[in-house]
Amino acid sequence: MNAGFQLLPTTHPLPAAEREEILAAPGFGRFFTDHMASATWTKEGGWHDFRVTALEPISLHPGSAVLHYAQEIFEGLKAFRHDDGSIWLFRPDLNARRFVNSARRLALPVLSEELFVESVEALVRADEAWVPPHEGGRSLYLRPFMFGSEAFLGVRPAAQVTYGVIASPAASYFSSGLSGVTLWVSENYARAGKGGTGAAKCGGNYASSLAAQVEAQENGCDQVLYLSDDEERYLEESGTMNLFLVTADGELVTPGLGTILDGVTRDSVLELAAEHGLKPAQRQVSLAQLREGCASGEITELFASGTAAVITPILGFKGREYEQSVGGGIPGEVTTNLRNHILNIQYGQAPDTRNWLRRVI
Ligand SMILES: *Cc1c(COP(=O)(O)O)cnc(C)c1O
């Protein structure tokens with residue numbers, strides 16, 4: 001089905017000179033483009049009102065479901081400009097499928113994978129001028145989201161739901177050379193448990209992660225390393241990124257799915273492993289194994305993966321009574337090579353042998 005996200009162009013686009021100034025140094029998540037895509041769902045009428053309009057505030061009744069019971073999900077993907085000016089998405093089908101799965105978990109209506117991709121493409125076309133050239137690792141970050149907008153204070157799935165896509169130009173997280181982060185091993189907080197929402201991309205998971213993030217920063221670390229809530233204390237993820245470790249005998253290990261997010265970057269890294277002479281493995285790794293492995297040199301590199309920063313080296317981690325550096329505290333070779341490989345595919349500078357790119361313009 002092609003709904004036709006109808007474009008009603010803004011009457012007040014940002015002047016080109018101001019846009020160019022923003023695109024020269026966009027940072028991350030600070031500036032927004034001229035347009036947004038939107039659609040509405042009601043229990044009686046299904047999905048309707050597919051539009052691309054001027055970006056504007058959403059007016060909500062104070063009784064709207066999302067404001068009280070956090071019935072909300074989102075996605076994150078990027079549009080990349082190639083040297084010839086063309087614009088491409090990276091594996092948007094996986095984001096579309098994950099959005100369906102998140103919607104089911106949060107009892108939100110399903111937006112078809114076709115409509116999801118169509119909405120993202122329609123916004124990219126409307127805001128084409130906001131996709132920066134790729135120098136400096138720049139791209140246009142796209143943020144689809146959906147929430148219960150019905151005004152009703154009872155606890156049940158909302159009968160009216162709002163869908164939107166907004167876009168924000170993004171610079172590389174590492175514009176001045178690849179650096180890395182340190183992780184705080186959280187003992188006080190868990191991000192997910194069996195049967196919870198750990199595998200869904202929902203705002204509620206992030207709301208409950210903020211206290212742990214503050215604790216990490218108070219302890220001099222950049223981000224949180226979450227563990228499973230059982231006795232074994234298995235590695236889960238960092239809360240916004242999936243985790244990988246590289247072993248001295250050439251394994252690339254990441255925790256298996258279940259209570260963690262099924263990352264698009266995670267999947268891409270696993271797919272590319274063999275081309276880098278690595279044996280991919282999905283299995284549980286306990287905190288004790290991580291600490292011993294990094295101390296003995298059996299684990300040589302640790303990194304995190306996610307759309308925003310692609311691959312982030314992890315240079316060390318810290319808990320209440322210990323501190324451990326990884327691989328000498330500098331970004332490792334495998335980490336750097338995998339990162340460059342994914343970026344080169346995204347920017348059309350390495351062969352896209354798996355058809356991961358989808359052309360928009
Ligand atoms: C989005 C997200 C990731 C990374 O997924 P990508 O598809 O690679 O961007 C990892 N963990 C959580 C909790 C996330 O929300």
Side-chain angles (χ1 to χ4, degrees), residues 28-29 70 72-80 89-103 105-106 113 116-117 120 137 139-146 165 167-168 170 172-173 181 183 186 189-193 196-213 216 222-228 234-244 252 254-273 280 282 302-312 314 335 338-339 341-343 345-346 354 356-358:
F28 187 86
E72 190 267 356
I73 58 170
F74 65 97
E75 267 303 324
L77 68 167
K78 285 172 169 175
F80 303 92
L89 299 172
F90 183 72
R91 311 188 76 183
D93 49 315
L94 295 192
N95 297 95
R97 196 195 308 161
R98 190 168 67 191
F99 200 61
V100 168
N101 293 336
S102 297
R105 181 63 185 83
L106 274 286
E113 297 179 26
F116 176 96
V117 173
V120 169
S139 59
L140 184 65
Y141 183 81
L142 297 148
R143 168 54 60 86
F145 59 99
M146 189 198 286
V165 191
S168 173
S172 169
Y173 264 52
V181 298
L183 300 185
S186 179
Y189 303 105
R191 81 170 275 285
T197 55
K201 207 168 174 77
C202 61
N205 287 345
Y206 281 76
S208 67
S209 77
L210 297 174
Q213 177 63 23
D222 301 299
Q223 304 208 359
V224 179
L225 196 173
Y226 286 100
L227 305 173
S228 64
Y234 293 117
L235 307 194
E236 294 240 302
E237 58 162 294
S238 87
T240 62
M241 291 184 283
N242 295 113
L243 290 176
F244 283 89
L252 182 69
T254 193
L257 298 176
T259 51
I260 62 168
L261 201 85
D262 185 359
V264 176
T265 321
R266 174 185 180 277
D267 185 79
S268 306
V269 167
L270 287 171
E271 287 270 330
L272 294 177
Q282 301 184 52
L302 197 58
F303 65 84
S305 73
T307 296
V310 189
I311 283 179
T312 304
I314 297 166
T335 303
L338 281 166
R339 177 183 158 78
H341 193 170
I342 292 181
L343 281 168
I345 294 172
Q346 291 175 332
R354 295 168 180 81
W356 281 347
L357 294 178
R358 181 179 165 110

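Whatever order the structure lists ligands and atoms in, that order sets their numbers, starting from 1.
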Visitor: For the pair Asn242 (side chain) and Asp262 (backbone), establish whether a donor and an acceptor sit closer than 3.5 Å, ignoring hydrogens and angles.
Guide: no
Visitor: Report every pair formed by an N or O atom of ligand 1 and a protein N or O atom separated by less than 3.5 Å, giving atom names and the distance to 0.1 Å.
Guide:
residue, atom, partner, partner atom, Å
ligand 1, 7 (O), Arg98, NH1, 2.8
ligand 1, 7 (O), Arg98, NH2, 3.1
ligand 1, 7 (O), Val264, N, 2.7
ligand 1, 8 (O), Val264, N, 3.3
ligand 1, 8 (O), Thr265, N, 2.9
ligand 1, 8 (O), Thr265, OG1, 2.6
ligand 1, 9 (O), Thr307, N, 2.8
ligand 1, 9 (O), Thr307, OG1, 2.6
ligand 1, 11 (N), Glu237, OE1, 2.6
ligand 1, 15 (O), Lys201, NZ, 2.7
ligand 1, 15 (O), Tyr206, OH, 2.5

Visitor: Working to the nearest 0.5 Å, report the span between NZ of Lys78 and CZ of Arg143.
Guide: 12.0 Å
Visitor: Would you please name every residue forming a side chain to side chain donor-acceptor pair (under 3.5 Å) with Thr312, sequence neighbours left out?
Guide: none
Visitor: Between Ser102 and Phe99 (side chain of the first, backbone of the second, donor and acceptor by atom type, cut-off under 3.5 Å), is there such a pair?
Guide: no
Visitor: Strictly distance-based, threshold 3.5 Å: is any side-chain N or O of Asn205 a donor or acceptor partner for the main-chain N or O of Thr197?
Guide: yes
Visitor: Is the closest side-chain heavy-atom distance between Leu142 and Leu89 below 4.5 Å?
Guide: yes
